[in-house]
Amino acid sequence: MTPALPLAVLGAVDAAFSGFRAYAGCDARIRKHRATTRAALRGLAVGTVLLLAPAVTAVLHLLTATDPQRAYATLTAGGLGYLLPLTLYATAVLLSLGAYFLLPFRAGTLAVVIGLGPLTLLRPLAIAAACLGALLNGGGWASFLVGAVAGTAMLSVEPLVHHRWYRPAHATPGNAVAEH
């Protein structure tokens, strides 16, 4: 099994959530379904473009390898090692989201505070664990490199979306939001 498709799906979902997180808190309206959907689509678009970087890295490695079949097998092993920590992380996120949507309001809010909040902060560690998993699962340094490029791309989505679409118009470089 090639882990490329599940990793691409996880990357796309993560990018959509990153777009949502970039927007979250920027709008005080109660009904903002259209705006949150637009934010998620923006994250998905940016993430899709950024995910080309690890794909190009992997393709370049395969094209320059002396034994492309062995290089492919190594990248596949690394991809599976990369997938395992991310699957565990995504499961924890989905459980927290499920609790948010299925539990009564207060319990759902608590699920966000004790679940999604810390999980968002642990995202870089989950990606670092995935990179280490790629290396330790027999993927070698090439898989570690592809994983690091992918992780960097995914961690860049939210700041890029926030900077492009949700930064306050009156913010100045070097300052927090300037007062009127």
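Just so you know, these numbers come straight off a predicted model, no measurement behind them.
V161 and A22 get closest at one heavy-atom pair: CG1-CB, 3.7 Å. Minimum interatomic distance between S143 and G78 (heavy atoms only, all atoms of both residues): OG-CA, 3.5 Å. The minimum heavy-atom distance linking A129 with P85 is given by the pair O-CG, 3.7 Å.
Cluster annotation: L155 and L10 are assigned to the same hydrophobic cluster (Ile/Leu/Val/Met/Phe/Trp/Tyr, side-chain heavy-atom contacts under 4.5 Å, transitive). Side-chain heavy atoms closer than 4.5 Å link hydrophobic residues (I, L, V, M, F, W, Y) into clusters, and following such links, even through other members, never connects V157 to V13. If you chain together hydrophobic residues whose side chains sit under 4.5 Å apart, L88 and L7 never meet in one group. No path of Ile, Leu, Val, Met, Phe, Trp and Tyr side chains, each step under 4.5 Å between heavy atoms, connects L119 with F20, placing them in separate hydrophobic clusters. Hydrophobic clustering (ILVMFWY, side-chain heavy atoms < 4.5 Å, transitive): L83 and I127 are in one cluster.
The closest donor-acceptor contact from the side chain of N137 to the backbone of A77 lies under 3.5 Å. A donor-acceptor contact shorter than 3.5 Å is absent between the side chain of Y23 and the backbone of A39. Under the 3.5 Å distance criterion, the side-chain polar atoms of T36 are matched with a main-chain donor or acceptor of H33. Using modelled atom types, one side-chain atom of S96 and one backbone atom of A111 make a donor-acceptor pair closer than 3.5 Å.
A donor atom on one side chain and an acceptor atom on the other are not found under 3.5 Å apart for T120 and R123.
Considering OG1 of T74 and CD of Q69, their distance stands at 11.5 Å, rounded to 0.5 Å. One finds the SG atom of C131 at 9.5 Å from the CG atom of L145 (value rounded to the nearest 0.5 Å). From L110, atom CG reaches atom CG of L103 across 9.0 Å, with rounding to the nearest 0.5 Å. Atom CD of E158 is separated from atom OH of Y166 by 11.5 Å, given to the nearest 0.5 angstrom.
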Q: With side-chain contact (heavy atoms from CB on, under 4.5 Å) as the test, would you mind laying out the steps for L50 and T152 before giving the verdict?
A: CA-CA 9 Å; L50 290 177; T152 301; over 6 Å; no

Q. Yes or no on side-chain contact (heavy atoms from CB on, under 4.5 Å) for Y82 and L132, after CA distance, side-chain angles and deciding distance?
A. CA-CA 7 Å; Y82 195 86; L132 187 60; over 6 Å; no

Q) Step by step, would you call T109 with R106 a side-chain hydrogen bond (donor to acceptor under 3.5 Å, both in side chains)? A) CA-CA 5 Å; T109 302; R106 286 186 178 180; over 6 Å; no

Q: Report the C-alpha distance between T91 and L94 in whole Å, list the side-chain angles of each, state the deciding distance to 0.1 Å, and finish with yes or no for side-chain contact (heavy atoms from CB on, under 4.5 Å).
A: CA-CA 5 Å; T91 301; L94 287 175; 5.8 Å; no

Q.
Using the rule given for side-chain contact (heavy atoms from CB on, under 4.5 Å), can you reason through H61 versus L75, listing the C-alpha separation, both sets of side-chain angles and the distance that settles it, and then say yes or no?
A. CA-CA 9 Å; H61 173 66; L75 285 178; 3.8 Å; yes

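Applying the side-chain contact (heavy atoms from CB on, under 4.5 Å) rule to L51 yields the partners P54, M154; only residues at least two apart in sequence or on another chain are considered.
Atom OH of Y72 sits in a sparse spot, with 12 or fewer heavy atoms from other residues, nucleotides or ligands closer than 6.0 Å.
With side-chain heavy atoms closer than 4.5 Å counting as contact, directly or through intermediates, the hydrophobic cluster containing L44 also holds L41.
Residue pairs that meet the ring pair (Phe, Tyr, Trp, His ring centres under 6.0 Å) test with at least one member in residues 86-143, sequence neighbours left out, are W141-F144.
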